[in-house]
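Quick notes on the structure that follows.
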Number of protein chains: 2
Amino acid sequence: MTTIKDIAKAAGVSITTVSRALNGYSDVNEKTRQKIIEIAKQLNYSPNTLARGLVMNKSKTIGLLVSGLTRESAKDNFTFEILSGVNQYVSEVDYDMVLFSTTSTKQREKTYTQLCRERRVDGAILQGIRIDDPYLQEVVESDIPCVLIDIPIKSETVGYVTTDNVLGAKKAVRHLLALGHRDIAMINGYEYAFVSEQRLRGFCEALLEAEVPFREQLVADGAFKEEKAEQEALRLLTCYPEITAFFCASDLMALGAMKAIKKLGKRIPEDVAVVGYDDIILASYTTPPLSTVAQNQFAMGYEAAKLLIEMLEGKATSHIKVLETELKVRESTFKNHE
Amino acid sequence: MTTIKDIAKAAGVSITTVSRALNGYSDVNEKTRQKIIEIAKQLNYSPNTLARGLVMNKSKTIGLLVSGLTRESAKDNFTFEILSGVNQYVSEVDYDMVLFSTTSTKQREKTYTQLCRERRVDGAILQGIRIDDPYLQEVVESDIPCVLIDIPIKSETVGYVTTDNVLGAKKAVRHLLALGHRDIAMINGYEYAFVSEQRLRGFCEALLEAEVPFREQLVADGAFKEEKAEQEALRLLTCYPEITAFFCASDLMALGAMKAIKKLGKRIPEDVAVVGYDDIILASYTTPPLSTVAQNQFAMGYEAAKLLIEMLEGKATSHIKVLETELKVRESTFKNHE
DNA sequence: TTGAAAGCGCTAACAG
DNA sequence: CTGTTAGCGCTTTCAA
């Protein structure tokens, strides 16, 4: 493999000059530069980023740290869209992305901080990490620049991107209220997620606005899982047959709720309406299509990468980005062709 | 950041000894080793993989080169599952994965070979690359070890993993034939894919077996796109109203075909049956659920990574892996509760 | 405008 | 069992 040394020899100059020429420094004779570039091309030269990273002490690489990159998680392709967005921005600014997945048994032995340090990533984006994850604390307290998805921690080196989950939930619940629903149940995610707390708050606030009393027993923990949500929905519908609508903190859980409703022989939306959250691909393909609060995960990934790299280059103005959500009304709440 | 030099000083030994102790060489006094490990832990040492990579001339990193990591491609999460599988194996054997996406404009300027060389990846896995991609040729002819997904190229440094696409297609068509269909149309992918050719072959062979004449005009090019497939299905059904079944070379195209069939007011499967290929998540959620030839993409990714790393370590016996497919019969071909 | 020299953190002969 | 030395490919003072 060609090195700048080879080029230097071929061009009859020093390696210093080659380095400067190739890196676009101004203090190099234009003629020399042309010659060097020409030779580099001929010799099929590729710079060695390892060597460069070693001396410059930065790798132009960021780490994407995700949890749950399993075969099952593909259903809810949240992670994938984040990843696509991150990748998009990162490659626009000529960085690379290395993927760390915390589900893989081997890497469990290492903390996130170690993972990042060893690969000498310049910064990291964290996605799908639970707020009670012990390694999370460690990494945000380290000196590694981090951007978190949906976890509101901010410091000198830490920022986050999220959506307005309170408002998002409100939109969903207001929609149900506007349709006349009063007995609305909520299937929330597990408590170890910031979004769960926020969405619950939105749920409550919307009820308050409409002067509908909040009944705690109508809130269940679906743990962001389809099956768990199905069980909980089944339980709720049985104990509280007055329920006419579900607000679910994720589409996956909404799928579970829909299954439960159908199992009990009830119709959607005539007997029970359902609203989800996320707008996963599946949402528009279910029967009936699922109304949901859409968040643009690709954009979240993109903005996270952008924020991180701005932080790395010292030109981040704010460390926080809050994106918008959009309520998508489909037939699981409302049939307009009756 | 701590280096082995710091450890050496603290332990009162040479850096060589530290290196050896930490890397588990046998020729180091057990007591010394313990002391060194202890100090390393105290000092919160993380090895610098850049430095190690530089001197050892290998990075313990592989590149995953994919095309089409766009927001739209999430629907068909083929890429994501491959990625998950690759990541799984890679982390089991303590490698890292860096992602190169060819859609991102910036990287288009660089050939795949350059991408790999610059990051000094030890090898690469290529997915979703068209066989007429000019950079593909270059990279397989380079000295970079490669494993291709669904592209049958084999050499000293190149291997591939695929499924038996001829057989897969046969299974699907035999199923249709067994149900009594004789006028079967096929919506194939674009020709720049190995799998298209193979699936067409399977289609023909199955017809031959059943002594049903092959009619070329019943084969359309859906380009692996939902919309294009819909158009083509519409055209076929209009020109050849005798068609009672579609075999589609991807589920995405099958979705398109189903739309077309519904538009014409025909029922699935009573009037027209549909079989897809891939078994994407959506397949079981369509109305009616889609019969399809399932391939385990997670396994494909996993096996590709395994093959690549075996090749890197010189212990690959074969450079080819062919995985199995499975026909999943759902209601788009057959209703058993009539 | 150019070159010599040092050094990033690590591994690998080689010698003791 | 341990240390000395050289060097991976590159950037960066400092001098010329």
Side-chain angles (χ1 to χ4, degrees), chain A residues 1-37 39-40 43-61 94 96 114-122 143, chain B residues 1-40 43-61 94 96 114 116-122 143:
Chain A
M1 196 145 301
T2 343
T3 71
I4 53 171
K5 205 168 162 185
D6 302 324
I7 300 177
K9 203 183 301 171
V13 296
S14 74
I15 57 171
T16 315
T17 305
V18 175
S19 175
R20 279 194 286 239
L22 258 23
N23 288 308
Y25 279 62
S26 58
D27 58 352
V28 108
N29 185 299
E30 200 45 44
K31 239 175 169 170
T32 324
R33 182 198 306 282
Q34 286 312 326
K35 188 169 159 197
I36 288 174
I37 289 177
I39 292 179
L43 263 40
N44 209 345
Y45 171 72
S46 293
N48 186 330
T49 52
L50 297 181
R52 178 181 286 157
L54 180 59
V55 53
M56 311 227 315
N57 204 27
K58 55 203 268 298
S59 59
K60 275 221 162 192
T61 304
D94 208 30
D96 279 328
Q114 282 174 310
L115 248 22
C116 291
R117 278 206 209 295
E118 291 190 7
R119 279 291 159 183
R120 289 301 191 270
V121 298
D122 297 335
D143 56 350
Chain B
M1 197 145 303
T2 340
T3 71
I4 53 171
K5 205 168 161 186
D6 302 324
I7 300 178
K9 203 183 301 171
V13 296
S14 74
I15 57 169
T16 315
T17 305
V18 175
S19 174
R20 279 193 286 239
L22 258 23
N23 288 307
Y25 280 62
S26 59
D27 58 352
V28 112
N29 185 297
E30 199 44 43
K31 237 174 167 170
T32 322
R33 181 198 307 281
Q34 286 313 327
K35 187 171 163 196
I36 289 173
I37 288 177
E38 178 56 33
I39 293 178
L43 263 39
N44 209 346
Y45 171 73
S46 292
N48 185 331
T49 51
L50 298 181
R52 179 182 285 158
L54 181 59
V55 50
M56 311 225 320
N57 204 28
K58 54 203 268 300
S59 59
K60 276 220 161 193
T61 304
D94 208 31
D96 279 329
Q114 281 174 311
C116 292
R117 277 206 211 293
E118 291 190 5
R119 279 292 157 183
R120 289 303 191 269
V121 298
D122 296 335
D143 56 350

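Side chains are part of it too, since the values below use all heavy atoms of this structure and drop only hydrogens, waters and symmetry mates. Below, read A as the first sequence line, B as the second, and so on, with proteins coming before strands; counting in each chain starts at 1.
Side chain of V55(A), nearest nucleotide from dC10(D), dG3(D), dT2(C): dC10(D). Comparing dT11(C), dT11(D), dC1(D) by their closest approach to the side chain of I15(A) singles out dT11(D). Here dC1(D) is the nucleotide among dC1(D), dG9(C), dG3(D) with the atom lying nearest to any side-chain atom of N29(B).
Rounded to a whole Å, the CG atom of L22(B) is 8 Å from the P atom of dT11(C). Summarising the geometry, the separation between NZ on K5(B) and P on dG9(C) is reported as 8 Å, rounded to the nearest angstrom. The interatomic distance linking I7(A) (CD1) with dG9(D) (P) rounds to 12 Å, in whole Å. In this structure, the CE atom of M1(A) is 10 Å from the P atom of dG9(D), given to the nearest Å. Following rounding to the nearest Å, I4(A) (CD1) and dC8(D) (P) show an atom-to-atom distance of 12 Å. The distance from atom NZ of K58(B) to atom P of dG9(D) is 16 Å, rounded to the nearest whole Å. Spacing between atom CZ of R117(B) and atom P of dC10(D) amounts to 13 Å, rounded to whole angstrom units. Taking atom CD of E118(B) as the reference point, atom P of dG9(D) lies 16 Å away to the nearest angstrom.
Taking side-chain N and O atoms only, T17(A) has a distance below 4.0 Å to OP1 or OP2 of dG3(C). The phosphate of dG3(C) has OP1 or OP2 within less than 4.0 Å of a side-chain N or O from S14(A). Within the structure, every side-chain polar atom (N or O) of Y25(B) is placed at least 4.0 Å from both OP1 and OP2 of dA13(C). OP1 or OP2 of dT11(D) has at least one side-chain nitrogen or oxygen of N23(A) nearer than 4.0 Å. Proximity of S19(A) to the phosphate of dT11(D): a side-chain N or O atom is located under 4.0 Å from OP1 or OP2.
A donor and an acceptor atom never sit less than 3.5 Å apart when one is taken from the side chain of T32(A) and the other from the base of dT1(C). In the interface, the side chain of R20(A) is paired with the base of dG3(C) through a donor and an acceptor atom under 3.5 Å apart.
Contacts of N48(A) with the nucleic acid, taken as non-hydrogen atoms under 4.0 Å apart, involve only primed sugar atoms and P, OP1 or OP2.
Put simply, the side chain of M56(B) does not reach to within 4.5 Å of the side chain of T49(B), judged on heavy atoms. Within the 4.5 Å cutoff, side-chain heavy atoms of N48(B) are placed close to those of R120(A). Between Y45(B) and I39(B), the closest side-chain pair of non-hydrogen atoms is not below 4.5 Å. Looking at heavy atoms from C-beta onward, I37(A) lies in side-chain contact with L22(A) at the 4.5 angstrom threshold. You'll find the side chain of N23(B) reaches within 4.5 Å of the side chain of R52(B), heavy atoms only.
Summary of the strand contacts: T16(A) and V13(B) both lie near DNA chain D, and taking for each the nucleotide with the nearest heavy atom, the more 5' one is attributed to V13(B).
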